[in-house]
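Heads up, the thing below is written out as structure tokens.
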Amino acid sequence: MIDILSQSFFRCPVLRVAPELLGKILVRTLPNGKVLKLRINEVEAYDGEKDLACHASRGKTERTVVMYEPGGVWYVYLVYGMYHMLNIVTGAAGYPSAVLIRGTEEVSGPGRLTKHLSIDTQLNAKKADKQSGLWIEDDWYVVSARAIQRTPRIGVDYAGTWAKKPYRFVYRKNK
DNA sequence: ACGATGATGAAC
DNA sequence: TTCATCATCGTA
């Protein structure tokens, strides 16, 4: 039994949604009809305007407006002029938060992941459903709470005390 | 350890 | 309109 994660799954506080995405399947359909499925094993939470590592800490701008949408849409942006970052927007309308999908069992690294799946800003603000060609499925793979490790987020040293918060979630395979 | 590479946002 | 910055990665 496979369920596509619905909008209601994402319309919850980001710190709750982020660890729940571990073990879920990221599914991408390419224009040529090929389907790619990767199991998410590394994510980070970005939590509102107060979070100095979150792009929305500078308020609503052209780029961050999508983070204020109700959960369930993609937030994709280009960083370092080269790499697209894939986030799923979470929470209620008006509260900017999102989960950065940093890695899967098959492909490590947020930049390598989007390159592998042909993800770019065309997907920004699109819903996570079959129509957009990018969504997340639950195949009831079990990730025990004990296997989940929390660490500070990567690459946000500029964010002061917020850089130290354990908003990165990874799970260690088996063991 | 460092350069590639371009959109973004804030300042001017 | 300029300019510093940046949720990375491959090469050295």
Side-chain angles (χ1 to χ4, degrees), chain A residues 5 9-26 28 36 38-92 94-128 132 134-136 148-172:
Chain A
L5 297 188
F9 178 93
F10 300 105
R11 292 178 188 177
C12 293
V14 66
L15 288 171
R16 189 173 121 201
V17 176
E20 288 181 3
L21 284 174
L22 296 176
K24 300 295 189 291
I25 309 283
L26 183 64
R28 174 69 165 145
L36 298 170
L38 305 174
R39 194 177 300 279
I40 297 166
N41 68 0
E42 180 184 0
V43 299
E44 285 176 359
Y46 289 84
D47 189 15
E49 295 181 343
K50 64 181 186 297
D51 176 3
L52 296 183
C54 180
H55 289 160
S57 64
R58 291 162 187 253
K60 192 182 283 190
T61 67
E62 203 169 308
R63 177 171 65 165
T64 63
V65 65
V66 66
M67 298 187 80
Y68 291 78
E69 295 281 308
V73 299
W74 298 111
Y75 168 39
V76 182
Y77 66 93
L78 185 70
V79 75
Y80 300 118
M82 267 180 262
Y83 301 104
H84 294 280
M85 298 291 105
L86 175 65
N87 301 251
I88 184 74
V89 172
T90 59
Y95 187 89
S97 60
V99 177
L100 169 66
I101 301 178
R102 283 195 62 89
T104 63
E105 289 188 357
E106 300 81 358
V107 182
S108 300
R112 297 185 66 219
L113 178 65
T114 53
K115 184 179 179 188
H116 187 81
L117 296 180
S118 298
I119 289 166
D120 60 27
T121 54
Q122 290 188 355
L123 274 158
N124 189 53
K126 298 276 171 40
K127 287 178 187 165
S132 71
L134 183 66
W135 66 93
I136 301 174
I148 297 177
Q149 187 174 2
R150 295 184 65 167
T151 80
R153 293 169 291 186
I154 307 295
V156 296
D157 291 344
Y158 58 85
T161 59
W162 287 88
K164 298 193 167 75
K165 292 191 180 289
Y167 284 4
R168 173 170 172 262
F169 301 82
V170 199
Y171 75 81
R172 307 183 287 284

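Letters go in sequence order (proteins before strands), and every chain restarts at 1. The shown structure was predicted, so the numbers you read here are calculated from the model rather than taken from an experiment.
Judged by Watson-Crick or G-U wobble contacts below 3.5 Å, the nucleotide B:dC2 has C:dG10 as its partner.
For C:dA7, the OP1/OP2 oxygens have a side-chain nitrogen or oxygen of A:H55 closer than 4.0 Å. Remark: A:R112 is in phosphate contact with C:dG10, judged by side-chain N or O atoms under 4.0 Å from OP1 or OP2. Listed pair A:Y158 / C:dA7 meets the phosphate criterion, a side-chain N or O lying under 4.0 Å from OP1 or OP2. Considering only side-chain N and O atoms, A:R102 lies under 4.0 angstrom from the phosphate OP1 or OP2 of C:dT8.
Under the 4.5 Å side-chain criterion, counting only non-hydrogen atoms from C-beta, A:V76 is not in contact with A:T114. Side-chain contact between A:Y77 and A:M85: present, with at least one pair of heavy atoms (C-beta onward) separated by less than 4.5 Å.
One atom, CE of A:M85, and another, P of B:dT8, lie 14 Å apart when rounded to the nearest Å. Distance CD (A:E62) to C1' (B:dA10): 14 Å, rounded to an integer number of Å. Between the CH2 atom of A:W162 and the P atom of C:dA7 there is a distance of 16 Å, rounded to whole Å. Rounded to whole angstrom, the span from the OH atom of A:Y77 across to the C1' atom of B:dG9 amounts to 15 Å. The NZ-P distance, from A:K165 to C:dA7, rounds to 19 Å in whole Å. Straight-line distance from the CZ atom of A:F169 to the P atom of C:dA7: 19 Å, rounded to whole Å. Across the protein-nucleic acid pair, A:N124 atom CG and B:dA7 atom P stand 14 Å apart, rounded to whole Å. Rounded to whole angstrom, the span from the CG atom of A:N87 across to the P atom of C:dT8 amounts to 11 Å.
Heavy atoms of A:G81 sit under 4.0 angstrom from at least one base atom. A:R153 comes within 4.0 angstrom of no nucleic acid atom, judged by non-hydrogen atoms across all strands. The residue A:M82 sits close to a base: some heavy atom pair falls under 4.0 Å.
Once the 5.5 Å centre distance and the 30° plane angle are applied, the aromatic ring of A:Y80 is found not to be stacked with the base of B:dA4.
Ranking C:dC9, B:dT8, B:dA7 by closeness to the A:L78 side chain, first place goes to B:dA7.
The number of heavy-atom neighbours closer than 6.0 Å to CZ of A:R150, taken from other residues, nucleotides and ligands shown, is above 12. Annotation for A:Q122: atom CD does not count as buried by contact number, only 12 or fewer foreign heavy atoms lying within 6.0 Å.
A:Y83 contributes no side-chain N or O that forms a donor-acceptor pair with the base of C:dA7 under 3.5 Å.
Across A:R102, A:R153, A:R112, A:R172, a single residue satisfies salt bridge (charged side-chain N to carboxylate O under 4.0 Å, His left out) together with A:E42, and that is A:R102.
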